[in-house]
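Written below as structure tokens is the structure these notes are about.
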Amino acid sequence: MATDFTLNGKPATFDGDPETPLLWVLRDHLGLTGTKYGCGVAQCGACTVHLDGKNRRSCITPVAMVKGRKVTTIEGVEGPEAKAVQKAWVAIDVPQCGFCQSGQVMSAIGLLKQVKKPSDADIDHGMAGNICRCATYVRIRQAIHDAAAAMEG
């Protein structure tokens with residue numbers, strides 16, 4: 001039975017096991033490799049996508065769960081929050097190795113859609129579960145503050 005959903009604003013179909021994790025559908029079947037495999041148990045955040053506008057770990061999300069819904073990956077993210085986050089990430093050179101960054105960026109965008117002017121506590125809560133092996137957390141927090149300020153002004 002096929003699973004039809006919207007992916008980055010376009011119709012998508014997966015005709016396979018409905019229990020297949022969305023991560024593998026995106027990477028192996030649809031060729032979108034920006035969403036990363038980190039841990040496979042929703043603990044690291046590397047696989048974060050937006051499902052109907054909310055952050056979701058794709059490594060534990062069966063593709064059947066996205067039937068009829070909207071999935072956005074790092075390749076398709078857009079809007080004022082996305083632009084502000086991307087600009088802030090580049091401006092202060094957030095990434096070191098870069099592996100976790102697609103998940104970090106997706107989580108930051110999701111946070112800014114919910115909280116327009118986040119405090120440090122809001123950022124800690126919104127980014128919880130996103131692990132950066134290079135420990136660029138100080139730059140990530142600053143980039144989120146900078147993105148929020150850019151959207152405000």
Side-chain angles (χ1 to χ4, degrees), residues 1-86 88-90 93-115 118 120-144 147-148:
M1 185 163 118
T3 302
D4 297 318
F5 58 101
T6 302
L7 177 62
N8 297 332
K10 298 176 183 168
T13 299
F14 175 69
D15 191 16
D17 184 351
E19 292 303 309
T20 303
L22 176 61
L23 173 65
W24 301 120
V25 172
L26 295 172
R27 290 182 62 79
D28 295 346
H29 298 278
L30 300 174
L32 297 177
T33 57
T35 304
K36 304 299 183 198
Y37 173 78
C39 67
V41 293
Q43 297 298 306
C44 74
C47 68
T48 302
V49 297
H50 293 166
L51 180 58
D52 294 333
K54 305 250 191 244
N55 292 345
R56 181 74 190 184
R57 304 295 200 242
S58 64
C59 71
I60 62 162
T61 303
V63 71
M65 182 182 276
V66 305
K67 185 172 185 164
R69 298 174 77 182
K70 294 178 184 176
V71 175
T72 305
T73 67
I74 191 74
E75 292 92 346
V77 74
E78 58 187 14
E81 296 87 0
K83 287 181 177 151
V85 167
Q86 291 165 346
W89 242 248
V90 170
D93 199 21
V94 170
Q96 197 161 333
C97 84
F99 186 81
C100 70
Q101 293 305 305
S102 60
Q104 299 280 1
V105 166
M106 294 300 286
S107 292
I109 293 166
L111 169 64
L112 289 175
K113 285 183 178 190
Q114 301 291 317
V115 182
D120 284 348
D122 293 329
I123 293 171
D124 291 347
H125 177 66
M127 299 299 289
N130 283 80
I131 297 172
C132 176
R133 295 174 186 175
C134 302
T136 63
Y137 300 112
V138 172
R139 291 195 309 254
I140 290 168
R141 178 183 281 158
Q142 186 59 55
I144 294 170

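Atoms CD1 and CD1, from Ile74 and Ile109 in turn, are 5.5 Å apart once rounded to the nearest 0.5 Å. The CG atom of Leu111 sits 9.0 Å away from the NE2 atom of His125 when rounded to the nearest 0.5 Å. Going from atom CZ of Arg139 over to atom SG of Cys132 covers 8.0 Å, rounded to the nearest 0.5 Å. One distance of note links CG of Asn8 with OG1 of Thr73; it measures 3.5 Å at 0.5 Å rounding.
Paired with Val105 under the rule side chain to side chain contact (heavy atoms under 4.5 Å, CB included), one option of Asn130, Val94, Val85 passes, and it is Val85.
Minimum interatomic distance between Leu112 and Ala147 (heavy atoms only, all atoms of both residues): CD1-CB, 3.8 Å. For the residue pair Ala42 and Cys59, the shortest heavy atom distance occurs at N-SG, 3.3 Å. Across all non-hydrogen atoms, the minimal contact from Ile140 to Met127 is CG2-CE, 4.0 Å. The two residues Ile60 and Pro62 make their nearest non-hydrogen contact at O-CD, 3.3 Å. Asn55 and Gly110 get closest at one heavy-atom pair: OD1-CA, 3.5 Å. Nearest heavy atom pair, residue Ser107 against residue Gly126, reads CB-O, 4.5 Å.
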Legend entry - Evaluation steps, side chain to side chain donor-acceptor pair (under 3.5 Å), between Arg56 and Thr48: CA-CA 5 Å; Arg56 181 74 190 184; Thr48 302; over 6 Å; no

Inset, instruction - Using the side-chain contact (heavy atoms from CB on, under 4.5 Å) rule, take Gln114 and Lys54 through it: C-alpha gap first, then chi angles, then the decisive distance, then the call. - result: CA-CA 9 Å; Gln114 301 291 317; Lys54 305 250 191 244; 3.4 Å; yes

Extract all donor-acceptor atom pairs below 3.5 Å that involve side chains of residues 19-30 and protein atoms in other chains or at least two apart in sequence.
{"unit_1": "Thr20", "atom_1": "OG1", "unit_2": "Asp17", "atom_2": "O", "d": "2.8"}
{"unit_1": "Arg27", "atom_1": "NH1", "unit_2": "Thr33", "atom_2": "O", "d": "2.7"}
{"unit_1": "Arg27", "atom_1": "NH1", "unit_2": "Thr35", "atom_2": "O", "d": "2.9"}

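The number of heavy atoms from other shown groups lying within 6.0 Å of NZ (Lys70) does not exceed 12.
With sequence neighbours excluded, the residues satisfying side-chain hydrogen bond (donor to acceptor under 3.5 Å, both in side chains) with Gln142 are Asp146. With sequence neighbours excluded, the residues forming a side-chain contact (heavy atoms from CB on, under 4.5 Å) with Thr13 are Ala2, Asp4, listed by chain and number. The side-chain hydrogen bond (donor to acceptor under 3.5 Å, both in side chains) search around Arg69 returns Asp52, not counting sequence neighbours.
Residues Pro95 and Thr136 form no side-chain contact, since every pair of their non-hydrogen atoms from C-beta on lies 4.5 Å or further apart. Looking only at side-chain heavy atoms (C-beta outward), Leu32 and Leu7 come within less than 4.5 Å of each other.
Counting only residues at least two apart or on different chains, the side-chain hydrogen bond (donor to acceptor under 3.5 Å, both in side chains) pairs with a member in residues 95-106 are Trp89-Gln101. Sorted by first and then second residue, the salt bridge (Lys or Arg N to Asp or Glu O under 4.0 Å) pairs with a member in residues 73-82 read Glu81-Lys116; sequence neighbours excluded.
Using a distance-only test at 3.5 Å, with no hydrogens or angles considered, a donor-acceptor pair links the side chain of Ser58 to the main chain of Cys47.
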